[in-house]
Amino acid sequence: MRLDYVTIFPDFFAPLSLSLAGKAVDSGLLSVAVHDLRTWTTDRHRTVDDTPYGGGAGMVMKPEAWGAALDAVLPAPPARATLVVPTPSGRPFTQALARDLAGREHLVFACGRYEGIDQRVLDHAATRAEVDEVVEVSLGDYVLNGGEVAALAITEAVVRLLPGFMGNASSLVEESHEDGLLEYPVYTKPSSWRGHEVPPVLLSGDHGRIAAWRREQALERTARRRPDLLPPTATGTDWTIVPATRADAGELLTLQRACWLQEAIVNDDVAGIPALHESLDDVLAWLDEWTTYVVRVPSDGGRLVGAVRGRLVGDAWDIGRVMVAPDLQGRGLGRLLLEHVQRVAPPEATSYVLFTGAQSHANIRMYRKAGFRLRPDIAAPPLAVVLTKTRSRDQRIGSRS
Ligand code: JD8
């Protein structure tokens, strides 16, 4: 693979020779060249920027030097290169894009500064025979001062995927974002450190249990930190679980009234159901007290179709307000919400507790299927029943990470 960088700060790429790319160059896997854009300026001040047409703050990078630089750096047809342009307005850089770029022969990074590069440079590049694609890409939703840092990060993510580069290719498979989940927590010797123990399952030698535990940890961590990464359920509906915000309060109030009207009918009890008597302020108030998640359907205008909340009471994770829009019930969303709220419980929680209407047989079935058991020995609100579930020690340890 060939990598070219065009920048007004060539020294920014000195680390390339040090890092992994350096080794790849030594092993002939990679050829790298860094080019100073000012090489292609024609005035004695080596000017690369000017004021923006249409006014506004800052300066814009002029097209002439860029055009000349790309003339020189792009390969001669029929060879082609991919022009990679880091920009905050680019498509998100992902592992999938890294894999895609790693499959290409030649990448040319155009590293902008100031307010950015005159758009005509990119529009013109897209028409050139020696350019197979102009990839405008963003490293993330924050603002940097230029494209160099992004180019370095993209380089590392791409080069390490090159065949024959990573010592043991197998380790590439198990990584975050490779299987769509975040990584499970990792441990090494000593098994006890400053009063912190390694999860016993990892010392068990039982590879089946270890694999299951790691999968559970990856799911739990992803659910807590990146619910947006979680795969849609088997029903294929693009449900996305996200932390609730105060902006959700109105829709939450509407949904809970719809859901608990059903409960009131099957349990023949309107007066005794708090969810039916709450105001918007009540919902806003409990949103501050409870850890709450909502489900929205992007393909349905982001409609709020489900929710669940949890809070720690003593050492029990108190689960409540499991809501599914009436028209979407029976498709597994309730189970998904129940799994999610269990995963995000803090390590202090040694058990889960919830209650539902004594006549809410569908709910009770779902909870029992999820491992909860009825607790007639625990006092329940009028016309309701309590169910609890013990939490495994490994689940608790894992939720620390
Ligand atoms: C390229 C100029 C600075 C950006 C005015 C600050 C990527 N994830 C990312 N955040 N920022 C960049 C990025 C920023 C750049 C350039 C990439 C070229 N700037 C500009 C617009 C607002 N200044 C990036 N990838």
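Ligands are counted one by one from 1 in listed order, and the atoms in each one are counted from 1 as well.
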N/O to N/O under 3.5 Å, ligand 1 against protein:
unit_1: ligand 1; atom_1: 8 (N); unit_2: S138; atom_2: OG; d: 3.3
unit_1: ligand 1; atom_1: 8 (N); unit_2: L139; atom_2: N; d: 3.3
unit_1: ligand 1; atom_1: 8 (N); unit_2: G140; atom_2: N; d: 3.2
unit_1: ligand 1; atom_1: 8 (N); unit_2: G140; atom_2: O; d: 3.0
unit_1: ligand 1; atom_1: 10 (N); unit_2: Y142; atom_2: O; d: 2.6
unit_1: ligand 1; atom_1: 10 (N); unit_2: L144; atom_2: N; d: 3.3
unit_1: ligand 1; atom_1: 11 (N); unit_2: L144; atom_2: N; d: 2.9
unit_1: ligand 1; atom_1: 23 (N); unit_2: Y114; atom_2: O; d: 3.4
unit_1: ligand 1; atom_1: 25 (N); unit_2: T87; atom_2: N; d: 3.4
unit_1: ligand 1; atom_1: 25 (N); unit_2: V137; atom_2: O; d: 3.4
unit_1: ligand 1; atom_1: 25 (N); unit_2: L139; atom_2: N; d: 3.4

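- For F93, there are no ring-ring contact (aromatic ring centres under 6.0 Å, His included) partners at least two apart in sequence or on another chain.
- With contacts defined as side-chain heavy-atom distances shorter than 4.5 Å, the pair F109/T155 qualifies.
- Residue pairs meeting the salt bridge (Lys or Arg N to Asp or Glu O under 4.0 Å) criterion with at least one member in residues 310-323, sequence neighbours excluded, are E278-R321, E289-R311, R311-D318.
- Under the side-chain contact (heavy atoms from CB on, under 4.5 Å) rule, T356 has a single partner from V322, V385, V386, which is V385.
- Listed by chain and number, the residues in a salt bridge (Lys or Arg N to Asp or Glu O under 4.0 Å) with D377 are R375 (sequence neighbours excluded).
- Annotation: side chain of Y352 is in contact with side chain of R391 (closest heavy-atom distance under 4.5 Å).
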